[in-house]
Amino acid sequence: MDPERARQYPFLPSFGAGLPIARTEGSFLVLPDGRRILDAAGGAVVASIGHGRTEVADVAAQTLAEVSFVVPPFATEQRVRLVERLRASWLPPGITRCVFASGGSEAIDLAVRVVRQHFVSKGEPARWKVIGRELSYHGTTLSGLDVGGHPKRRKGMEPWLHELPKAPACYPLRCGMCRAAGTCTLACADALEDAIQRAGPETVAAFIFEPVGGSTAGALTSPLGYFARIGEICRRHGILCIADEVMSGFGRTGARFAVDHEGFVPDLLVSGKGLASGYAPIVGVFAREEVVAPIAAHGDEVMFYTYAAHPAACAVADKVLEIMEREALVGRAAAMGEALRERLVAALGAHPHVAEIRGKGLLQAVELVKGRTTLEPFALADRITATVVAAGLANGVFFYPAGAGAAQDAIVLGPPFTVSEDELDLLVTGLVKSIDAAVAHAAARRS
Ligand SMILES: Cc1ncc(COP(=O)(O)O)c(C=O)c1O
């Protein structure tokens, strides 16, 4: 592609805007001039089975020839097969109801509507509030921004948003709650109780959280026991619990879902970047029978999105899950996640500008600070994260930018589960080089 044509494409400037991509193959993005960039971000932590699988493309082509479009409630073979596979092999026990959207933001909006309809149908219309957490992201629809805790993405939209109390994020590096105890007491989970009390328990419909965070603060994990504790609080107040696993689900953390690491079953599970591995736009909202039953009993409908459960997207998702099963890729995500972590710790564990390396499976992040011991962030004007991403692209590796609030600068790593050990070496070498280049760039700017 002519670079000038590529430059005309972006709506606005942003990271990588107008970077021309000719092809994607395995763990790599290939530019028109043949240059190869390692996709250390798996797109936006999407690509799980790796790029360029022709058997997936073949299924899409075949389906489009058979069924182009029918409204989402109609049962096509592809839709039925996907739901059957999800129920049989993927969803946590007790989660049986599946409805789809074309992206994470839409799916979260759908989950919020299902929750609201659940309570209205049950005769509890006072319950409408959805409590989220600080340092979280649930998409860019107005409801997603409302329940999310990403200050930069909420900015300017406040007139449409509710100022509901938020529970704290699980962020041990800067946790002010357990410091006196010297160990994690799950005070962040107990703080959900305070948020519910402040909101008025009889008005609260749901609590939404990311079991492993994504690109807000960068792969924040939940301490052992957190899921059970928040689950107990939700149950005690008759509040539904929504696990947002748009990024962490479908094997990314080394289990089918991040909640599976502790056998926790939420009331609603939203997941999907990895459902079709980026080959098609599809994200699921999965719910327990008890969530849906009152809506059905009341004779209500949940309005669908026109393109939800597109037959080609369902066929692609079914094929992607089949490949994941055939190649045991969830286990591979766990193993390669360990291999990545070991390399990161060896290369960056003592780096003067690395505050923490954290995450689970192949969803890892590196938080960057000006002072490793003080945890002082870089000046905003240093644009550290953006500079690391730009240096990464120049060094042949694509890193995903993260950072919000106190965790201002972080780099997210989410390569395909098929990534090789050699590619991990390339990734880590490229990351060290790019961090050092960004720090040098910031120092030069200041001098
Ligand atoms: C946890 C979580 N929820 C929701 C979303 C929004 O998904 P989408 O970008 O597909 O709208 C994201 C996107 O990164 C996410 O990580």
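Atoms within each ligand, like the ligands themselves, are counted from 1 in listed order.
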Sub-4.5 Å side-chain heavy-atom contact between Y400 and L413: no

Using the rule given for ring-ring contact (aromatic ring centres under 6.0 Å, His included), can you reason through F250 versus W90, listing the C-alpha separation, both sets of side-chain angles and the distance that settles it, and then say yes or no? CA-CA 8 Å; F250 288 106; W90 286 85; 5.7 Å; yes

Test the R332-F417 pair against the cation-pi criterion, namely NZ or CZ under 6.0 angstrom from the six-membered ring centroid and within 45° of the ring axis. no

Which label fits F378 and H353: parallel for a plane angle under 30°, tilted from 30 to 60°, or perpendicular past 60°? tilted

Tell me, please, whether F209 has R133 positioned over its six-membered ring: NZ or CZ under 6.0 Å from the ring centre and within 45 degrees of its axis? no

For a quick check: using heavy atoms under 4.0 Å, what are the residues in contact with ligand 1, sorted by chain and number? G103, G104, S105, Y137, H138, G139, E210, D244, V246, M247, K273

Looking only at the side chains, is there a donor atom on one of R229 and Y226 sitting less than 3.5 Å from an acceptor on the other? no

